[in-house]
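Numbers restart at 1 for each chain; the letters A, B, ... are given by sequence-line order, proteins then strands. The analysis underlying the following values was restricted to heavy atoms, covering all of them including side chains, and did not include hydrogens, waters or symmetry mates.
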Amino acid sequence: MHPGSLVAAVARALHPVLPAAAGLTEDEVAASLAAPPDPALGDFAFPCFKLAKALRKGPPQIAAEIAAGLADPAGLFSRAVATGPYVNLSLDLGRAAALVLPRLASGEPARRPATGVRVMVEFSQPNTHKAFHVGHMRNLCLGDSLVRLLRVAGDDVVAANYLGDVGAHIAKCLWWYLDRLHDRTPPADRRGEWLGELYAAASNQLDTWEDQAQAGDVAAASELQQAKARTSEILHRLEAREPEIMAVWQETREWSLEEFAEIYQWCDVGFDRVFFESEVDEPGLKLVAEFLDKGVFVVSNGAVGVVNDEVKHMPFFMLRKQDGTSLYSTKDLALARLKFEEYRIDRSVYVVDVRQSDHFRHVFLTLKKMGFYQAERCQHVPYEMVELPDGPMAGRKGNVVLFRSLRQQMTSHLRKTWFQQFEGQWSPEEIDAAERTVALGAIKYGMLNRDVNQKIVFDLAAWLNLDGNTGPYLQYTGARAGSILRECGEVGKALDPALLASEAAVQAVTASLQEPQERELLLALDRLPQTLAAAAEQLRPSIVCTYAFELCRTFNRFYNADNCRVKPSEGPLLQARLLLVHAFVHALRETLAVLGISVPRRM
RNA sequence: GCGCCCAUAGCUCAGUUGGAUAGAGCAUCGGCCUUCUAAGCCGAGGGUCCCAGGUUCGAAUCCUGGUGGGCGCGCCA
């Protein structure tokens, strides 16, 4: 439990009066505390069902006895009553606020003490020479959020990317580029995306010929034959590192890399280490030879692999093809070794879509057989796919939504429906910056709000609707809260800094809080640390999204209530409300920060 | 065939280790802007939590068996 939280304080007060026979620790008491269904019942509820067996009494009787016996020297509770099998506890709002608000209002960060655990989070992993589309965005947002969550939880996190810069897709793309293109000049401002279009064109052409050949088209079959021979030749020349083809590879690869760098920068995502498939290709093959010698790997039909009986439906995990070349799996083993050796990591997290669950099970089992103790601390974070209303994204169907298109449509929609109104009042720079922040908030929240095991059907029209449970709603709420502080500041109603220093002074002003909206907001603020901890523990940013939305809804009720207006307030009540708003602003900022979302100053 | 995932309001989804009357957004209908930003707030309607058994004081939640949908299953990544 978090020592400064209300839950902890309630558990501390409740624990001594529980019958010893129940044998509950303070932490267990804290864990069992729940919110009553109706706020009128109380702020916390302690259910007595589990005590019934040990005490051989009915839960309602136990609840009644606990409520009657509750001593409250700290004056934390305003009411403690048994309602059926529950002990319902109402907090003294002023005292509770004095416990919770000062840390948050001061802006002290929520980061937990260092755990000493070094964890690597590998995510994004786009292929060069291919398009970056909305499907990649889910991975990017998820991985980045996990990095941020684990950092707040106190881990030493290494954010890693792993770029696919070798393989058949490159050969296809270069085939088109070298053989089929009249004009090989890329558009200067979008060379990476252009390269992706070449790959898509190549891939489509091959698929079309394939279909036509299947249907008996002799000409198509011949074209297909020649193209396959050519891509195969390109691939072999790449693997042989022939200077001429390597020069083309390097130049085009650079176009993709600059595209990715621009995307990451716009998305405010950073990496500490970027691995390339090209750097683990040869080490992978060496590793295969080494463990084949050791008898860990076996030969099967001319290929090399390992038998992992634990994966019953597919025990053979191939690591080297018949022709002696490497596979994705080969490189993943070499990459894992590189990670272990280069960074001495304690834990390794792979953010990769759910279709690769079997693959990673095999990788981790194999690493264990190879003798890497870290294999136990490797973890695949699977997430479901992003689809479009007409089904899975496929180059062939031409229904891929590219990143640039998403960004462009999101920002121009925001300009037209919202930011246009500020033209002439705000500087163009501020408008652009706010527009980007909000577009990014909409995209990230949309990608993270849904649990990882749910598919996301990407419907642009729906994503442009920014009402309700969306990123911009949260940002708007934050901007409104900020404007309270700004407006109050302008009329000389700022928060007294002395309040952050003295607990007695805080309590003197928070005692004036009494509205239900203030109480709800306080209770919502109190749940921040436990929410971040749970999300980090379970590697689920969606938990944070749900919390952020509830927190903002609670704030908006406070904001909208006539009886809770801050600016017209005076004296202690004004100060108490300013504390609440400051605390909210910082809590929201911390909450959104782990999602990679920021709040514009105004919007 | 084997393995994994999903099924909750018209649509999209939440639902902490099993707990009080199953929630939210969107959509529909009705209210609230001379007072801190209406991308907001309040209210109404809307449910066989896929089905059938089981476990127990108590099941949307756990177990078993089905049904429907998605994904994966040796030389792609």
- [ ] Encode nucleotides 57-74 of chain B as B, S and - characters from 5' to 3', where the letter depends on protein heavy atoms closer than 4.0 Å: B to the base, S only to sugar-phosphate, - to neither.
- [x] --------------SBSB
Open item on the list: In terms of relative ring orientation, are A/His129 and A/His169 parallel, tilted or perpendicular, with 30° and 60° separating the classes?
Closed with: perpendicular
Task: Touch class at under 4.0 angstrom, heavy-atom based, for A/Pro37 against every strand present - done: base
Task: Polar contact flag, side-chain donor to acceptor under 3.5 angstrom, A/Asn139-A/Ser124 - done: no
- [ ] Using the P atoms only, state how far B/rU48 lies from B/rC5, rounded to an integer number of Å.
- [x] 27 Å
Open item on the list: Please classify the nucleic acid contact of A/Pro36 as base, sugar-phosphate, or nothing, using heavy-atom distances under 4.0 Å.
Closed with: base
Open item on the list: Nearest to the side chain of A/Lys321, heavy atoms from C-beta on, is which of B/rC76, B/rA38, B/rC5?
Closed with: B/rC76
Open item on the list: If you assign A/Gln322 and A/Cys564 each to the RNA chain B nucleotide with the nearest heavy atom, which residue ends up on the more 5' nucleotide?
Closed with: A/Cys564
Open item on the list: Taking any heavy-atom pair under 4.0 Å as a contact, classify A/Leu414: base, sugar-phosphate, or nothing.
Closed with: base
TODO: Convert the base pairs of RNA chain B into dot-bracket notation, remembering that pairs crossing earlier ones are written with [ ] and that bases paired across to another strand are shown as |; include only Watson-Crick or G-U pairs under 3.5 Å.
DONE: (((((((..((((.....[...)))).(((((.......))))).....(((((..]....))))))))))))....
Task: Gap between atoms CZ and C1', on A/Arg361 and B/rG3 respectively (whole Å) - done: 9 Å
Task: Any A/Arg540 side-chain N or O less than 4.0 Å from OP1/OP2 of B/rG15 - done: yes
Task: A/Phe558 six-ring centre to A/Arg565 NZ/CZ under 6.0 Å and within 45° of normal - done: no
- [ ] Identify whether any heavy atom of A/Ala45 sits under 4.0 Å from a base atom; if not, whether one sits that close to sugar-phosphate; answer base, sugar-phosphate or nothing.
- [x] base
Open item on the list: Is A/Tyr476 close enough to B/rA39 that one of its side-chain N or O atoms is under 4.0 Å from OP1 or OP2 there?
Closed with: yes
TODO: Assess the side chains of A/Asn563 and A/Glu515: does a donor N or O sit below 3.5 Å from an acceptor N or O?
DONE: yes
Open item on the list: Output the rounded distance in Å from CZ (A/Arg450) to P (B/rA24).
Closed with: 18 Å
Open item on the list: So A/Arg577, base contact, sugar-phosphate only, or nothing? Heavy-atom distance under 4.0 Å.
Closed with: nothing
- [ ] Could you pick out which residue, A/Cys488 or A/Ser357, lies toward the 5' side of RNA chain B when each is mapped onto its nearest nucleotide?
- [x] A/Ser357
Task: Short side-chain N/O contact from A/Arg480 to OP1 or OP2 of B/rC36, under 4.0 Å - done: no
Task: Side-chain donor/acceptor contact of A/Asn88 with base of B/rA20 under 3.5 Å - done: yes
Task: Nearest-angstrom distance from the residue atom CZ of A/Phe46 to P of B/rA20 - done: 16 Å
Open item on the list: Would you say A/Tyr199 and A/Asn127 are linked by a side-chain donor-acceptor pair, where the criterion is simply a distance under 3.5 Å?
Closed with: no
